[in-house]
Amino acid sequence: MTDTISRPAPVGAEPLFNPRDLDFIRDPYPAYHRLRRHADLQWDAAGKYWLATNYDACANILKDKRFGRRYEAMIEMMYGRDMMGETAFRQMRATMLMSEPPDHTRLRGLVTKAFSAARVERLRPRVRALVAELLDRLEPRGSMDVIRDFAHVLPVVVICDMLGIPEDDRWLFIDTATITTRMLDPVPMNRLELDEANAMFDEQGSYFTDLFERRRRSPGDDLITALLEGGDEGGLTQDEMLANVWLLFAAGHETTRNLIGNGLLALHRHPDELRRLRADPGLIPGAVNELLRYDSPVQYVGRTAYEDVTLDGVTICKGQLVLCLVGAGNRDPGMFADPDRLDIGRPDVRPLSFGGGIHFCLGAQLTRIEGQETLAGLIDRLPGLHLHDVDSPSWQPNFAIRGLRELKGSW
Ligand code: HEM
């Protein structure tokens with residue numbers, strides 16, 4: 001690496017990285033290229049965090065044991081002292097996503113089996129049937145909002161099936177997605193947003209407390225029952241139960257929805273690639289990895305240094321936060337030839353979209369199956385699908401979780 005790595009981000013009228021900027025949110029990739037050209041690792045004085053901008057820097061930090069979670073420290077840095085009493089932060093802290101070993105090992109250990117490649121492969125026929133069922137309902141209509149009518153529905157049903165959330169209750173929390181995604185942005189929420197997040201956790205907390213009681217009385221063949229029963233790894237506290245069932249529910253659908261939405265948009269913006277996929281559905285598994293790379297539903301993963309760490313001449317001090325910009329790493333020309341080109345036949349694509357190290361996405365294989373079955377179903381059943389607004393679609397105003405508000409289409 002060059003010595004440019006030790007440079008701070010350039011000072012100028014326009015910061016290179018501004019996660020609040022709607023133009024950046026609409027299309028972050030030109031800014032990522034500028035950042036990467038500047039340095040692989042750079043200090044962002046405005047955000048008070050480091051930015052890792054290329055593939056290797058992100059991948060190495062994610063698996064480096066000198067980095068991890070310091071959720072309380074991150075909240076203190078973003079919001080000031082004494083904020084951990086807020087319901088939203090307390091609940092988030094109890095998730096495996098925000099915890100550290102040994103808690104993380106115990107929490108993750110309880111659910112790992114349910115998400116193993118072999119177990120989720122057994123869900124494929126169910127996912128395929130759900131795709132067919134949805135398309136049976138939508139096809140005669142001649143039009144849909146891909147996000148609302150399809151991309152949101154499929155993953156909600158799949159994760160609710162796994163958790164054992166009754167059919168009538170699955171849409172109770174449909175409007176909370178924007179609050180969850182807002183919480184993950186590296187931009188502090190204002191008081192109103194924080195109150196909304198607290199209310200969401202309170203409301204879902206009462207719902208799940210009640211559901212846990214019902215499952216204790218009449219156990220089912222589902223993940224919530226399995227978690228309540230504990231297993232070899234030891235049980236969960238009530239707070240841990242609430243936080244982690246919420247995490248599985250939220251993580252299980254909000255990101256997959258955006259894989260489907262961002263992926264379909266990318267394919268329809270590249271009609272040659274879409275034609276290529278239609279002509280050879282054998283390309284579908286590789287295409288899903290390429291779509292994850294091309295426009296990742298998760299754009300950054302945060303890590304805090306446990307000690308002073310010097311990487312290629314730059315010292316990240318103990319307690320400092322690094323944003324691993326996985327969306328930028330996925331477009332690193334040092335890793336992917338012609339990275340801004342969508343190429344569904346690209347060999348052996350390993351996107352950074354699922355993170356890395358001990359927090360590597362638990363649902364990676366499940367989401368791939370949902371993506372693959374969606375593409376197969378749409379190619380087969382809606383060959384004439386035409387998406388409106390492919391040139392200026394409406395994006396959610398968030399940076400961390402990248403997805404569309406709506407994506408209308410007709411056939
Ligand atoms: C963790 C991305 C789908 C459950 C993560 C992380 C990323 C990610 C980047 C690591 C975060 C970090 O290290 O800070 C994605 C993407 C998805 C997706 C891009 C879809 C396109 C799913 C699904 C589930 C899921 C379907 C299923 C329930 C989780 C869980 C964690 C996680 C539980 C925390 C793991 C841990 O902390 O050990 N995901 N995810 N994800 N994901 Fe996913």
Side-chain angles (χ1 to χ4, degrees), residues 52 58-59 61-64 67-71 74 92-112 114-116 119-120 123 127 151-152 154-163 165 180-181 183-184 186 222-224 227 240 243-264 288-304 321-327 329-330 351-374 400-403:
C58 292
I61 289 171
L62 286 172
K63 57 177 190 248
D64 189 328
F67 292 90
R69 290 275 185 237
R70 279 285 184 263
Y71 188 65
M74 198 180 79
M92 203 62 155
R93 171 68 189 82
T95 63
M96 74 183 89
L97 183 65
M98 294 304 168
S99 61
E100 297 175 273
D103 286 342
H104 173 264
T105 321
R106 177 174 53 87
L107 296 169
R108 185 166 168 125
L110 283 166
V111 288
T112 304
F115 289 92
S116 70
R119 277 278 186 103
V120 294
L123 296 175
V127 175
H152 194 79
L154 177 72
V156 167
V157 175
V158 171
I159 193 65
C160 287
D161 272 3
M162 286 182 85
L163 288 168
I165 296 178
T180 314
T181 48
M183 275 189 80
L184 297 173
D222 55 58
L223 203 47
I224 287 180
L227 288 172
E240 287 172 341
N244 287 287
V245 167
W246 168 80
L247 173 70
L248 290 170
F249 173 65
H253 70 271
E254 285 167 25
T255 45
T256 305
R257 174 189 59 201
N258 296 333
L259 164 62
I260 296 172
N262 301 0
L264 275 188
V288 168
N289 282 339
E290 171 68 350
L291 293 168
L292 281 160
R293 180 196 73 81
Y294 185 79
D295 204 4
S296 176
V298 174
Q299 288 287 308
Y300 92 94
V301 178
R303 288 291 182 272
T304 300
L321 177 66
V322 186
L323 306 191
C324 298
L325 298 177
V326 294
N330 282 345
L352 292 167
S353 314
F354 294 123
I358 63 167
H359 293 280
F360 181 81
C361 177
L362 199 65
Q365 197 48 25
L366 175 62
T367 212
R368 284 197 183 99
I369 289 174
E370 293 179 63
Q372 290 165 8
E373 292 303 322
T374 294
I401 305 290
R402 176 169 172 73

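Keep in mind the model is a prediction, meaning the values are calculated, not measured. Both ligands and their constituent atoms are indexed starting at 1 by order of listing.
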Can you tell me if M162 has a non-hydrogen atom under 4.0 Å from ligand 1? no
Residue-ligand contact F115/ligand 1, heavy atom below 4.0 Å: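 It does; at least one heavy atom falls under 4.0 Å.
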Going through the distances and angles, do L227 and N244 end up as a side-chain contact (heavy atoms from CB on, under 4.5 Å)? CA-CA 10 Å; L227 288 172; N244 287 287; 5.8 Å; no
Set of side-chain contact (heavy atoms from CB on, under 4.5 Å) partners for H104, sequence neighbours left out: M96, S99, P101, R108, I358, H359
What verdict does the side-chain contact (heavy atoms from CB on, under 4.5 Å) test give for L97 and R69, after you've listed the backbone C-alpha separation in whole Å, the side-chain angles of each residue and the deciding distance to 0.1 Å? CA-CA 9 Å; L97 183 65; R69 290 275 185 237; 3.7 Å; yes
Nearest non-hydrogen protein atom, [atom]:
atom                    : value
atom 14 (O) of ligand 1 : R69 NH2, 2.2 Å
atom 34 (C) of ligand 1 : L97 CD1, 3.8 Å
atom 37 (O) of ligand 1 : H359 ND1, 2.6 Å

Atoms of ligand 1, numbered as shown, that sit under 4.0 Å from any heavy atom of [X]:
X    : result
R303 : 12 (C), 13 (O), 14 (O)
L247 : 33 (C)
L248 : 28 (C), 33 (C)
I358 : 38 (O)
S353 : 2 (C), 9 (C), 19 (C)
H104 : 36 (C), 37 (O), 38 (O)
L259 : 21 (C)
V301 : 9 (C), 12 (C), 13 (O), 14 (O)

Run the numbers on L352 and S296 for side-chain contact (heavy atoms from CB on, under 4.5 Å), then give the verdict. CA-CA 8 Å; L352 292 167; S296 176; over 6 Å; no
Heavy-atom donor-acceptor pair, T95 side chain to M92 backbone, under 3.5 Å: yes
Tell me the contacting part of I159 for ligand 1: side chain, backbone, both, or neither, using a 4.0 Å heavy-atom threshold, strictly below.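 Answer for I159: side chain.
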Side chain proximity check, L259 to E370, heavy atoms < 4.5 angstrom: no
Rounded at 0.5 Å granularity, tell me how far [atom1] in [X] sits from [atom2] in [Y].
X    : Y    : atom1 : atom2 : value
T180 : E254 : OG1   : CD    : 4.5 Å
R303 : D64  : CZ    : CG    : 10.5 Å
M162 : L366 : CE    : CG    : 5.5 Å

Check the pair L223 / F115 against side-chain contact (heavy atoms from CB on, under 4.5 Å), numbers first and verdict last. CA-CA 10 Å; L223 203 47; F115 289 92; 3.9 Å; yes
Which protein N, O or S atoms does atom 43 (Fe) of ligand 1 have within a distance shorter than 2.8 Å? C361 SG
Residue selection (non-hydrogen contact nearest atom 35 (C) of ligand 1) among R108, M98, H253: R108
